[in-house]
Q: 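Questions regarding the structure given below will be posed in turn.
The analysis underlying the following values was restricted to heavy atoms, covering all of them including side chains, and did not include hydrogens, waters or symmetry mates. Just so you know, ligand 1 is whichever comes first in the structure, and atom 1 is the first atom listed for that ligand.
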Amino acid sequence: MLMIDLIRKKRDGGVLSADEIAWFVQEYVDGHLPDYQVSALLMAIWFRGMTDEETAQLTACMAASGEQVDLSRYGDLSVDKHSTGGVGDKTTLIIAPIVSALGLKMAKMSGRGLGHTGGTVDKLSAIDGFSVDLTPADFLRQVDEVGVAVIGQSGNLTPADKGLYALRDVTATVDSIPLIASSIMSKKLAAGAHTIVLDVKTGSGAFMQDPADAKKLADAMVAIGTAAGRKVAAILTDMDVPLGRAVGNALEVQEAIEVLRGGGPKDLRDVCVTLASKMVELGLNLSADEAKNRVEQVLDDGTAFTQFVRWVTAQGGKEEQLLHPEALPTATHSEPLLAPVSGCIKRMNAAQVGYAAMLLGGGRAKKDDVIDLTAGVRLCCKTGEQTTKGEPLAILYTSDPTRLAAAKEALLAAYEW
Ligand code: URA
């Protein structure tokens with residue numbers, strides 16, 4: 001086969017065969033294809049799209065391109081959850097202990113934050129001592145014994161996606177539904193869970209801002225997972241406004257603990273209950289009502305928080321900081337952003353809030369940036385709430401005070417009255 005023939009076929013609106021896709025992925029991983037030809041094919045896919053069969057085959061080949069985790073011994077009890085990325089999204093920290101307290105097994109690989117969106121691995125790293133680098137044997141032993149383990153992406157998982165994603169990032173080909181769906185689902189399939197719940201965000205802070213596009217992406221991912229023999233459900237959730245009130249790694253751990261102790265912001269608790277209930281419903285074969293009852297019970301009776309402490313300390317996290325979240329690392333500088341007017345907040349741009357947190361040092365502009373785990377924003381006022389001129393809209397946290405002025409300006413631009 002010749003790469004130029006595949007590019008031409010796709011450019012002209014043709015359908016790539018299963019063999020052609022398998023050949024392309026293998027040749028790419030083996031380093032036999034130049035980036036310019038691969039980029040040309042990606043751009044042709046961006047313009048022409050892919051059929052469901054093509055997308056399923058691309059996903060399967062990418063999933064098989066590296067190591068795959070075998071969780072078959074747990075069957076449907078092995079669960080995973082994927083969020084398409086957001087601002088203030090600390091749901092994994094809350095959901096993992098809930099579902100594992102109820103008997104499900106969560107062996108999760110999570111990502112680091114990039115741009116305005118945060119990553120679970122960074123949030124967990126804000127807890128002193130927490131290790132996101134377990135050996136494969138320790139990872140699985142902990143899942144057996146504790147029911148949950150969360151680590152960073154393994155270097156050997158889906159190398160095809162790793163390379164293709166990096167190319168897409170620099171060739172304006174990220175925002176293609178078949179390419180996003182295959183990228184996400186290849187990692188989910190390789191990570192081994194039989195039951196997968198996808199949290200597809202929509203709104204100003206989401207990857208897919210338009211609900212119709214988010215629905216298309218959700219449908220594409222469910223179709224891929226179901227065709228691969230997994231139990232998959234997708235839920236569209238709101239990311240027009242940041243989730244909860246904390247944006248920034250250590251700040252988000254504190255807020256997750258509030259929810260695990262039965263309190264915390266209602267929007268955050270509600271999303272966690274919805275997603276965890278779906279995982280419990282599918283994984284334990286329960287009715288939707290029974291699943292929700294069980295989830296609410298472990299949140300309210302302290303079982304989920306106890307499980308959180310068990311999980312985090314098993315990975316080296318300091319118990320003291322979980323029992324007394326004020327002992328988590330804190331920023332050396334904080335300053336309020338004062339409301340410039342009195343009135344009701346009509347709209348917020350969640351991505352802009354994430355951007356402000358990034359300017360404070362809490363996020364990465366580039367993949368290799370070192371971040372300040374204490375930096376971020378605590379929102380005093382969100383959409384629909386009243387502000388009084390001169391009262392705090394938000395508190396900004398950072399260990400580098402030279403960052404405050406630009407971050408304040410960016411954060412103010414997130415609000416509309
Ligand atoms: N996240 C991924 O893992 N892949 C994409 O293509 C987009 C978001």
Side-chain angles (χ1 to χ4, degrees), residues 21 25 28 38-39 41-47 49-50 54-66 68-69 80-87 89 91-92 108-122 150-193 196-203 205-210 213-225 228 230 232 234 236-237 239 350-351 354 363-364 366-367:
I21 293 172
V25 173
Y28 178 58
V38 178
S39 301
L41 182 63
L42 291 169
M43 187 57 86
I45 293 172
W46 191 93
F47 276 105
M50 287 186 122
E54 286 178 299
T55 310
Q57 172 69 351
L58 177 61
T59 310
C61 294
M62 291 203 295
S65 68
Q68 302 191 69
V69 182
D80 200 352
K81 166 235 153 212
H82 179 83
S83 153
T84 55
V87 179
D89 182 356
T91 54
T92 297
K108 184 157 178 58
M109 293 184 196
S110 282
R112 303 195 308 161
L114 186 61
H116 73 273
T117 64
T120 300
V121 159
D122 296 326
V150 177
I151 57 171
Q153 298 284 357
S154 137
N156 306 322
L157 207 78
T158 57
D161 175 63
K162 199 173 265 179
L164 291 176
Y165 191 83
L167 277 185
R168 287 167 56 210
D169 211 17
V170 292
T171 56
T173 50
V174 168
D175 53 342
S176 143
I177 286 180
L179 293 178
I180 298 171
S182 55
S183 164
I184 292 175
M185 289 307 291
S186 66
K187 288 181 283 236
K188 292 293 110 185
L189 297 183
I196 301 166
V197 171
L198 303 162
D199 172 16
V200 182
K201 311 276 194 197
T202 70
F207 207 48
M208 291 280 148
Q209 300 196 352
D210 173 15
D213 287 340
K215 169 89 170 63
K216 277 190 212 153
L217 176 63
D219 289 345
M221 293 194 290
V222 170
I224 292 170
R230 312 287 171 98
V232 190
L236 300 196
T237 68
M239 188 38 74
R364 293 182 186 82
K366 297 187 296 312
K367 276 193 186 105

Q: Please check if the side chain of H82 supplies one atom and the backbone of I196 the other of a donor-acceptor pair under 3.5 Å.
A: no

Q: Please state which protein non-hydrogen atom is closest to atom 3 (O) of ligand 1 and give its distance, to 0.1 Å?
A: K187 NZ, 2.5 Å

Q: Check whether T158 reaches the backbone of M62 with its side chain - one donor and one acceptor, N or O, closer than 3.5 Å.
A: no

Q: Among all protein heavy atoms, pick the one closest to atom 1 (N) of ligand 1 and tell me residue, atom and distance.
A: I184 CG1, 3.9 Å

Q: Considering non-hydrogen atoms of the protein only, which is the closest contact for atom 8 (C) of ligand 1, and what is the distance?
A: F207 CE2, 3.9 Å

Q: What protein heavy atom is closest to atom 4 (N) of ligand 1, reported as residue, atom name and distance in Å?
A: S183 OG, 2.6 Å

Q: Specify the protein heavy atom at minimum distance from atom 5 (C) of ligand 1: its residue, its atom name, and the distance to 0.1 Å.
A: Y165 CE1, 3.2 Å

Q: Please state whether V174 comes within less than 4.0 angstrom of ligand 1, counting heavy atoms only.
A: no

Q: Could you check whether D161 and S186, counting side-chain N and O atoms only, form a donor-acceptor pair closer than 3.5 Å?
A: no

Q: Keeping D80 on the side-chain end and A193 on the backbone end, is there a donor-acceptor pair under 3.5 Å?
A: no

Q: Between D199 and K81, is the closest basic N to carboxylate O distance under 4.0 Å?
A: no

Q: Evaluating non-hydrogen atoms only, which member of K162, R168, Q153, H82 is closest to atom 6 (O) of ligand 1?
A: R168

Q: What distance do D219 atom CG and L198 atom CG have between them, rounded to the nearest 0.5 Å?
A: 11.0 Å

